[in-house]
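All heavy atoms count here, side chains included; hydrogens, waters and symmetry mates do not. It should be emphasised that the depicted structure is a prediction, and the values quoted were computed from it without experimental measurement.
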Protein chains: 2
Amino acid sequence: MDDIDSAILSHLQRDGRLTNRELARLVGVAPSTCLERVRALRARGVITGYHAAVQPRMLGRSLQALVFARLRPLSREVISGFEAYLAQLPEVVSVFVVSGDDDVVVHVAVPDIEQLHAFLMDRVSARREVVSFRSSVIYQQTGTRVLTPVNGRHGHE
Amino acid sequence: MDDIDSAILSHLQRDGRLTNRELARLVGVAPSTCLERVRALRARGVITGYHAAVQPRMLGRSLQALVFARLRPLSREVISGFEAYLAQLPEVVSVFVVSGDDDVVVHVAVPDIEQLHAFLMDRVSARREVVSFRSSVIYQQTGTRVLTPVNGRHGHE
DNA sequence: GGTGAAATCTTCCGCTC
DNA sequence: GAGCGGAAGATTTCACC
């Protein structure tokens, strides 16, 4: 994980469809070298995949929300069961299992407020392990394009 | 936005580096047709980009957390200012501006609990517009790979 | 929406440092 | 061990049907 790897990661997080040739040019190594580094990053699990990003609004999902739920009993089985259940629902973007007042935070994308209500009632409230929940509408979201390696020891240098 | 577009989106969300040839084969159209459809999806803003996904742990960011903050005064300027400030910090993964008890939810990735504490004190608590905040450690996260188009009218069919 | 051909890219392998 | 250059095969991409 040197400066070249960092540069590769930075560019590929910004544009995952860069050609190997262009990427090599950007980071200043030969295409063959670049290809090997990218493969090594993938093999080491630093890069986990490449994904097209879509705009939920363009898919008819104009309303996004965070749903905070408390589960009981709070066992490993209940948590992973609920998580697996959520992950398979089309409304769910991602699920966080967290510490604190709430046990899980669910990011959902639905067409409108009615569908959000339906989701909360039929998909969340209907579950026996959910003892309470609340939701927050997302007015705006900004994601950081690039996650940079932290200075210091980590992974295998 | 027909079944072929849906299939294209589904495949590209799963693997953003699929070759156009392979994608065409998967969705059952000729490569040139497929290329044009993908370009149209990009041009219409359905696909906003392609990104390599990285594992925060492999970048030395082994601890992730959600930070919930309340801002005052709650004006457009204060919100967008705080959001812009956060977006540029390397610890920040994404920022949600939300309704409810809290005004913003910040997803952060840091090396350890000490760095989380430092982030909360030096980057969050230090800001004048933040009147209160709390944080939750993320024990586990699962993201849905694929966001599907919703049935019904949306965008331009 | 499909076909074919030129331009470009990927990828392997031997060579060098 | 890491990086480079070239050549074979695959892919992209465009004009045209």
Contact boundaries on DNA chain C for chain A, cut-off under 4.0 Å to non-hydrogen atoms =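 Taking any atom under 4.0 Å from a heavy atom of chain A, the span is C:dC9 to C:dC12.
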Would you say the side chains of [X] and [Y] form a donor-acceptor pair under 3.5 Å?
{"X": "B:Arg76", "Y": "B:Ser80", "value": "no"}
{"X": "B:Arg72", "Y": "B:Ser132", "value": "no"}
{"X": "A:Thr33", "Y": "A:Arg37", "value": "no"}

query = In whole angstrom, what separates A:Arg37's CZ from D:dA2's P?
reply =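 For the pair A:Arg37 CZ and D:dA2 P, the rounded distance is 9 Å.
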request  = Within residues 18-27 of chain B, find the residues that approach DNA chain D with a heavy atom at under 4.0 Å, and present them sorted by residue number.
outcome  =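 B:Thr19, B:Asn20, B:Arg21, in order of number.
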ask   = With B:Gln64, which of B:Glu91, B:His107, B:Gln140 fulfils side-chain hydrogen bond (donor to acceptor under 3.5 Å, both in side chains)?
value =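 Per the side-chain hydrogen bond (donor to acceptor under 3.5 Å, both in side chains) rule, the option paired with B:Gln64 is B:His107, out of B:Glu91, B:His107, B:Gln140.
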query = With a 4.5 Å limit on heavy-atom distance, are the side chains of A:Leu12 and A:Tyr50 in contact?
reply =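 Yes, side chains in contact.
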ask   = With a 4.5 Å heavy-atom cut-off, do B:Val98 and B:Asp103 have their side chains touching?
value =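 They are not in contact (no side-chain heavy atoms under 4.5 Å apart), so the answer is no.
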request  = Flag yes if more than 12 heavy atoms outside B:Asp3 fall under 6.0 Å of its CG atom; otherwise flag no.
outcome  =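 No, CG of B:Asp3 has 12 or fewer neighbouring heavy atoms, counting only those of other groups under 6.0 Å.
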task = By nearest nucleotide on DNA chain D, pick out whichever of B:Arg39 and A:Glu36 is the more 5' one.
result =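 That would be A:Glu36.
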Rounded (10°) bend between the five-pair end axes of the helix from C:dG1-D:dC17 to C:dC17-D:dG1 =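 One end's axis against the other's: 30°.
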key: Salt-bridge present (A:Arg39, A:Glu36; N to O < 4.0 Å)   =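 Salt bridge absent between A:Arg39 and A:Glu36.
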inquiry  = Between the base of D:dG5 and the side chain of A:Ser32, is one N or O donor paired with an acceptor at under 3.5 angstrom?
reply    =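 Answer yes: a donor N or O sits under 3.5 Å from an acceptor.
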key: Check: A:Arg61 side chain, B:Thr148 main-chain N or O, donor-acceptor pair, under 3.5 Å   =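 The answer is yes, because a donor-acceptor pair under 3.5 Å joins these two groups.
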ask   = Is a side-chain donor or acceptor of B:Asp102 paired with a backbone partner of B:Val104 at a separation under 3.5 angstrom?
value =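 Checked: no pair found.
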